[in-house]
Amino acid sequence: MPEGPVILLMKEHLQKFVGEKVIAVSGSEIEGSLIKGKTLKGIKLYGKQTYLIFDEINIRIHLLMFGSYEIDKQTKPTDNLKLGLSFKSGKAFFYTCSVKLLPNSFLETIDWEADVMSEVWNPEKAKTKMKKNPKMMICDALMDQDIFSGVGNIIKNEALFRTTIQPESLIENIPIKKLNDLISEARNFSFDFYKWKREGVLRKKFQVYEQKNCPTCRKPLNKKMTGKSKRTSFYCETDQKLF
DNA sequence: CAAATTGTTTAGCT
DNA sequence: CAGCTAAACAATTT
């Protein structure tokens, strides 16, 4: 269940291990000897990616579509375990995910301002990137991890509904005010998602994603594969305008 | 229970 | 070679 907000929650769950030494490493994805005995210096996020920072190197984890994690207790099958880290105060388990060791110099190549949930998120930069792709559909722009890092299909659908924009609208046709609203809502909804996920009420809060009727006009919602990425969009023909 | 899915990379084509 | 698309991969839910 890994859009940006879930990754932020994961980071908080992992925070207690910062400052501790890795006692043991399991999983065959990385060379454990390079990590064993090293101290976890910090955790950085970039969209859906998590970087566990050590001296010189870091472990990048991406949960992809079906990945998950557990803290302290392993209840899931070891078959799916890609990485396990033991610390003094507990353990971290990562399942069905992408795991890669990278040099810390790699972190300097990341555009941190593209992360919608980051404190350095730069909405103006996102706008500039979108304007460079005037023929792009807005549904594809939202899913573009170089523009809206951390946004996934749920956030895409809900942010478009909140701003009453039809997913197949072309960037060049969307009024600038609408575009500004959308950029704001991509971040706002991400934080609502985060709060609701933590409270365990996320699914109840969806207005269009996996829903049958428009909350505004009560008419049936459209469900359609949209854009180049062909990801499912849920939207209301009446209340969302095609620009 | 078949089908769908909160995602990304890569092979292979034009 | 750039640009695009289809395929591959995965586990859980409906």
Assess whether a salt bridge exists between A/Glu158 and A/Lys205, defined as any Lys/Arg side-chain N lying under 4.0 Å from an Asp/Glu carboxylate O.
no
For the pair made of CE in A/Met65 and P in B/dT8, what is the distance, rounded to whole Å?
9 Å
Please determine if A/Lys135 and A/Glu172 form a salt bridge, counting it only when a charged side-chain N lies under 4.0 Å from a carboxylate O.
yes
Return the orientation label for the A/Tyr51 and A/Phe106 ring planes: parallel under 30°, perpendicular over 60°, tilted otherwise.
tilted
State whether A/Phe243 and A/Lys241 meet the cation-pi test: NZ (Lys) or CZ (Arg) under 6.0 Å from the six-membered ring centroid, and within 45° of the perpendicular axis.
yes
So does A/Lys228 get a side-chain nitrogen or oxygen closer than 4.0 Å to the phosphate oxygens (OP1/OP2) of C/dT5?
no
Do the side-chain N or O atoms of A/His62 get closer than 4.0 angstrom to the phosphate oxygens (OP1, OP2) of B/dG7?
no
Using the P atom in both, what is the distance from C/dA10 to B/dA11, to the nearest Å?
16 Å
Rounded C1' spacing from C/dT5 to B/dT6 in Å
23 Å
Students often get this wrong, so: under 4.0 angstrom with heavy atoms, is A/Lys223 touching a base, only sugar-phosphate, or nothing?
sugar-phosphate
How about A/Leu182 and A/Met130: do any of their side-chain heavy atoms sit closer than 4.5 Å?
no
For B/dT5, does OP1 or OP2 lie under 4.0 Å from any side-chain N or O of A/Thr232?
yes
Quick one, A/Ile53 and A/Leu107 - any side-chain contact, counting heavy atoms below 4.5 Å?
yes
What pattern of brackets, bars and dots sums up DNA chain C from 5' to 3', given Watson-Crick or G-U wobble pairs under 3.5 Å, [ ] for crossing pairs and | for another strand?
.||||||||.||||
